[in-house]
2 protein chains.
Amino acid sequence: MTKNNRPPLTQLVQRGELMSADCPSREILLHMTSRWGVLVLMVLAEGTQRFSTLRRKIGGISERMLSHTLQALEGDGILQRVSYPEVPPRVEYTLTPLGQEAAEKVSALADWIEVSVPRFLQARADRVRKP
Amino acid sequence: MTKNNRPPLTQLVQRGELMSADCPSREILLHMTSRWGVLVLMVLAEGTQRFSTLRRKIGGISERMLSHTLQALEGDGILQRVSYPEVPPRVEYTLTPLGQEAAEKVSALADWIEVSVPRFLQARADRVRKP
DNA sequence: CCCAAAACTAACATTTATGTACGTACTTAC
DNA sequence: GTAAGTACGTACATAAATGTTAGTTTTGGG
C-alpha cells in the first residue's frame with residue numbers, strides 16, 4: 001500500500017509540497033482552514049482583539065475551542081498573545097505580519113463564499129429539480 | 001447559554017454571514033476547507049480528472065475519503081460527476097463555473113502557504129529559542 | 001484459471017474534533 | 001452580600017472525521 005514514491009523530505013521543505021502526505025505545509029493548512037481558524041483570522045484581520053471579544057464576534061464558538069484554535073495559530077507564528085497582569089485578566093491577540101498575509105488569503109475566500117451563497121443555494125435547488 | 005441574539009435567518013441568506021452560527025455559508029466553507037477538499041480543488045483546477053488520477057495525485061488520501069469529499073463538493077454544486085458505462089468503469093470529475101472560482105481562491109491560499117513554508121519554519125524555530 | 005484494474009460501497013475500528021460543565025481569583029456593580 | 005465579568009485549564013462525554021478491510025462487477029492478460 002504505502003509505496004513511498006515521493007521526493008525526499010529535504011526537497012519538500014524548500015518550497016512546500018501540499019500534495020505530499022508528510023510535508024509540514026499540510027499541518028499549517030489544517031490550522032488555517034480549521035472550522036474556527038478561518039473565522040478567528042477574519043476577526044483578527046480587523047485588528048487586535050481580546051479573548052472575550054473574539055468569543056462574542058464568532059457565533060457558536062465555545063471558550064474551549066477558541067482557546068485551542070488560538071494556541072494552534074500562535075504555535076504557527078500567525079498570531080501573538082499578550083497578557084496583562086490585571087484583574088480581571090486581559091489578554092490581547094494580534095496577527096503577526098505572517099498572519100496578516102494569511103488572513104488576507106483566508107478572508108478573500110470567505111468573502112467570496114459569503115457573496116456567492118445565493119448561487120450555491122440556487123445550484124442546490126437546481127439539483128433537487130433534476131437529479 | 002444560548003441567548004440567540006443574532007439577526008433573523010431571512011436576513012442571513014441574502015448575503016451570507018459567516019459569523020452567524022446557522023448560516024448556510026458555514027457548511028460550504030467547511031466542505032471547501034476540509035482536509036481533502038482543498039487538495040481536490042487544487043488538482044481539479046488543472047482540469048477534468050478521473051477518480052484514480054485524483055487518488056494518485058493527492059498523497060495520503062484513502063479511496064473512502066476521496067469518495068466522500070467528492071460527494072460533498074458535488075452536493076454544493078462545485079463539481080460535476082460524469083460516469084461512463086464501461087468496463088472497467090470510468091468516472092470523470094470536472095469543476096463547475098462556481099467550482100472554478102472556488103478553486104481559484106483556495107489555490108491562492110494554498111500557493112501562499114507553500115511559498116511561505118520556510119517563513120513558518122523560521123517562526124517556529126524562533127519561538128523555540130525565546131519562548 | 002487466476003489475478004489485476006476501476007470506482008466505488010458497507011461495515012467496522014480508531015482517532016480527532018468539539019461540546020459541556022465546573023473551578024479559579026479577584027474586582028466592580030448592584 | 002451576591003452576582004457578574006475575565007481568560008482560561010481540566011475532566012468527561014459525544015459527535016464527526018478518517019482509516020482499514022473486504023466485497024462487487026466485468027473484461028483482458030498471462
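Below, read A as the first sequence line, B as the second, and so on, with proteins coming before strands; counting in each chain starts at 1. Reckoned from all heavy atoms, side chains included, excluding hydrogens, waters and symmetry mates.
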Given atom [atom1] of [X] and atom [atom2] of [N], what is their separation to the nearest angstrom?
| X | N | atom1 | atom2 | result |
| --- | --- | --- | --- | --- |
| B:Leu66 | D:dA17 | CG | C1' | 15 Å |
| A:Arg55 | D:dA7 | CZ | P | 11 Å |
| B:Arg50 | C:dA6 | CZ | P | 7 Å |
| A:His31 | C:dT18 | NE2 | P | 11 Å |
| B:Met65 | C:dA7 | CE | C1' | 16 Å |
| A:Phe51 | D:dA7 | CZ | P | 7 Å |
| B:Gln49 | C:dA6 | CD | P | 14 Å |
| B:Leu54 | C:dA6 | CG | C1' | 14 Å |

On the nucleotide [N], are OP1 or OP2 found under 4.0 Å from the side-chain N or O atoms that [X] carries?
| X | N | answer |
| --- | --- | --- |
| A:Arg56 | D:dT6 | yes |
| B:Arg90 | C:dA7 | no |
| B:Arg81 | C:dA7 | no |
| B:Ser52 | C:dA7 | yes |
| A:Ser67 | D:dC8 | no |
| A:Ser62 | C:dT18 | no |
| A:Gln71 | D:dG9 | yes |

(request) Report yes if some heavy atom in the side chain of A:Asp111 is under 4.5 Å from a heavy atom in the side chain of B:Leu18; otherwise report no. (result)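 Sidechains of B:Leu18 and A:Asp111: no contact.
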
(message) Taking the nucleotide of DNA chain D with the nearest heavy atom to each, does A:Arg64 or A:Pro88 sit closer to the 5' end?
(response)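 Upstream on the strand: A:Pro88.
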
(message) On DNA chain D, compare the nucleotides closest to B:Arg35 and A:Val91; which residue's is nearer the 5' end?
(response)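 Per heavy-atom nearest nucleotide, the more 5' residue is A:Val91.
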
(message) Test side chain to side chain contact (heavy atoms under 4.5 Å, CB included) on A:Ser83 and A:Arg81; report intermediate values, then the result.
(response) CA-CA 7 Å; A:Ser83 81; A:Arg81 192 191 99 112; 3.7 Å; yes

(request) Look at all strands and tell whether B:Tyr84 reaches a base, only sugar-phosphate, or nothing, counting heavy atoms closer than 4.0 Å. (result)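 Counting heavy atoms under 4.0 Å across all strands, no contact is made by B:Tyr84.
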
(request) Counting heavy atoms from C-beta on, name the nucleotide in D:dA7, C:dG19, D:dG19 closest to the side chain of B:Trp36. (result)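 The answer is D:dG19.
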
(message) Would you say B:Thr94 and B:Thr48 are linked by a side-chain donor-acceptor pair, where the criterion is simply a distance under 3.5 Å?
(response)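 Yes.
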
(request) Please determine if B:Glu114 and A:Arg26 form a salt bridge, counting it only when a charged side-chain N lies under 4.0 Å from a carboxylate O. (result)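 Not counted as a salt bridge, because no side-chain N and carboxylate O are separated by less than 4.0 Å.
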
(request) Before accepting this row, confirm whether a basic side-chain N of the pair B:Glu46/B:Lys57 lies closer than 4.0 Å to the acidic partner's carboxylate O. (result)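 So B:Glu46 pairs with B:Lys57 through a salt bridge.
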
(message) Reading DNA chain C from 5' onward, which residue's closest nucleotide shows up sooner: B:His68 or A:Glu63?
(response)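 Result of the comparison: B:His68.
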
